[in-house]
J.: 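Following this message is one structure expressed as C-alpha cells.
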Amino acid sequence: MLKKFSVLLLVLALFASACGDDDSSGGGEDMAADSTDPIIIPIHNWTSQIVGAEIVGQILTMAGANVEYISSDSGAPVYEAMCLGDVSLVHEVWESSFGVPFEENVAKGCVIDAQTHDTKTREEWWYNAAAGEACPGLPDWTALLEADCIAALSTPETGDNARYLGGPVEWQKKDPERIAALNLPVTVVNAGSSDAIWAELDSAVANGTPIMSFNWTPNFVDAVYEGSFVEFPDYEDGCFDDPAWGSNPDATYDCGNPKGAYLKIGTWEGFEGKWPHAYSVLTSINFTNLDLATMAAQGDIDNMSVADNAAKWLEDNADRVAEWVG
Ligand code: TMO
C-alpha cells in the first residue's frame with residue numbers, strides 16, 4: 001500500500017516538473033513492483049508451523065502480496081519443490097530435522113538462506129516422570145543400557161527392547177543410525193503425526209506409564225508435562241559425517257542432536273527478484289522461542305482454531321508486525 005502510494009507521488013512529481021528524466025535518475029530499485037503472482041506457502045504437520053504459516057501469509061498480504069497455501073511434506077521434497085519455484089518459502093526450517101536437505105539446496109543456489117530467527121531450537125528423545133523413576137540414570141543416555149530401564153520402557157510391540165516413539169518419518173530423524181551406533185536395545189515406532197505423539201503422552205501421564213518419545217522445543221510440552229530430554233554425547237561437527245568422531249569409531253550418529261539449533265526462513269532463489277518488497281518484509285520477520293511456544297500452546301492447550309490463534313498472535317504483537325511491514 002505504502003509503496004503504491006509513494007510510486008504515485010513520484011509519478012506526480014515527475015509529471016509536474018515536466019522533466020523527461022528516465023529511471024536512471026535514481027530510485028530505480030525502489031520502483032520495481034512486486035509480481036501479483038501468488039507467493040506459495042507450505043503447510044506442514046505441527047502446530048507452530050501451521051499457525052505461523054497463516055501469520056506469515058497475513059503479514060505478506062498486509063505488504064500487498066497475494067498468497068496461496070499448499071499442504072506439503074516438510075522434508076527434502078519441500079526444498080526440491082522450492083528449487084523448482086513451486087514453493088516460495090519455508091518459514092520454519094528446523095536445523096535438526098531439515099538442515100541437511102535445506103543446506104544442500106542452498107549450496108546448489110536454488111534455495112536462499114534468507115533469515116535466521118532468534119528462536120533457538122532443540123529436537124531430541126524425551127521421557128516422562130514415570131520413565132525417570134524407572135530409569136534413575138536418566139537423563140544420561142547410558143541409562144538406556146540398563147536392563148531394568150529397558151524393561152520398564154518395553155511393550156509387547158517391541159519385545160525385549162525399549163520402545164521409542166519417534167515423529168513422522170518425514171521429519172528425517174536418524175534414530176535407527178543412532179541406535180546402531182550406540183548399540184541401544186531400543187526399537188523405534190514412528191508416530192503418524194504430532195497429535196499422535198501428544199495423545200500417547202497424555203494417556204501415559206494419566207496412567208503413570210513410562211514413555212520415551214520424540215519432543216522438541218519450543219512447543220507447549222514444557223508448560224504441561226513433567227519430563228526431560230535424554231542427554232546423548234554432545235553433538236559436534238563430524239558426528240553426523242565422520243565415523244571416527246565419537247565413542248563408536250566405525251559409525252556416524254553416535255551423539256545427540258544439536259542444542260541451540262537454528263530456525264531459519266528459506267526462499268526460492270527467484271523470490272527477491274519477483275517480489276522485492278515482500279522479500280524485504282519476509283526477511284524482517286523474526287520469531288522468538290516465546291512466539292513459537294505461544295502459537296503451539298494456543299493451539300495444543302487452548303484448542304484455538306488456526307484462524308483465531310493467528311489472529312490473537314497478530315493482535316498481541318501488532319507493534320512488531322507493523323515494524324516488519326514497514
Ligand atoms: C520439525 N519439528 C519441529 C516437528 O521437530
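For the numbers below, each heavy atom of this structure counts, side chains included, while hydrogens, waters and symmetry mates do not. Order of listing sets the numbers, starting from 1, for every ligand and every atom in it. Numbering starts at 1 and runs along the sequence shown.
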J.: Establish, yes or no, whether a centroid distance under 6.0 Å links the rings of W126 and Y164.
T.: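 No, too far apart.
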J.: With a cut-off of 4.0 Å, which atoms of ligand 1 are near a heavy atom of W171?
T.: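 Listed by number with element, the hits are 4 (C).
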J.: Would K259 and E231 pass as an ion pair if we require N to O under 4.0 Å?
T.: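 Here K259 pairs with E231 in a salt bridge, since their nearest N and O are under 4.0 Å apart.
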J.: With heavy atoms of F214 as the reference, note each atom of ligand 1 found under 4.0 Å away.
T.: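 Those qualifying, in numeric order: 5 (O).
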J.: Return the residue, atom name and 0.1 Å-rounded distance of the protein heavy atom closest to atom 2 (N) of ligand 1.
T.: E123 OE1, 3.6 Å
J.: Test: disulfide (SG to SG under 2.5 Å). Region: residues 221-326. Which pairs qualify, not counting sequence neighbours?
T.: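 Listed once each, the pairs are C239-C255.
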J.: Going by the atom numbers of ligand 1, which of them fall below 4.0 Å from some non-hydrogen atom of W94?
T.: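 Going through ligand 1 atom by atom, the ones under 4.0 Å from W94 are 3 (C).
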J.: Using non-hydrogen atoms of the residue, decide whether G167 is closer than 4.0 angstrom to ligand 1.
T.: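 No, G167 has no heavy atoms under 4.0 Å from ligand 1.
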J.: In terms of atom number and element, which parts of ligand 1 are under 4.0 angstrom from non-hydrogen atoms of F98?
T.: 1 (C)
J.: May I ask you to check whether F240 and Y235 place their ring centers less than 6.0 Å from one another?
T.: yes
J.: Which ligand 1 atoms are under 4.0 Å away from a heavy-atom of W216?
T.: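 In order of number, 3 (C), 4 (C), 5 (O).
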J.: Decide if the gap between the ring center of H277 and the ring center of W275 is smaller than 6.0 angstrom.
T.: no
J.: Can you check whether F220 and W198 have ring centres sitting under 6.0 Å from each other?
T.: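 F220 vs W198: aromatic centres under 6.0 Å.
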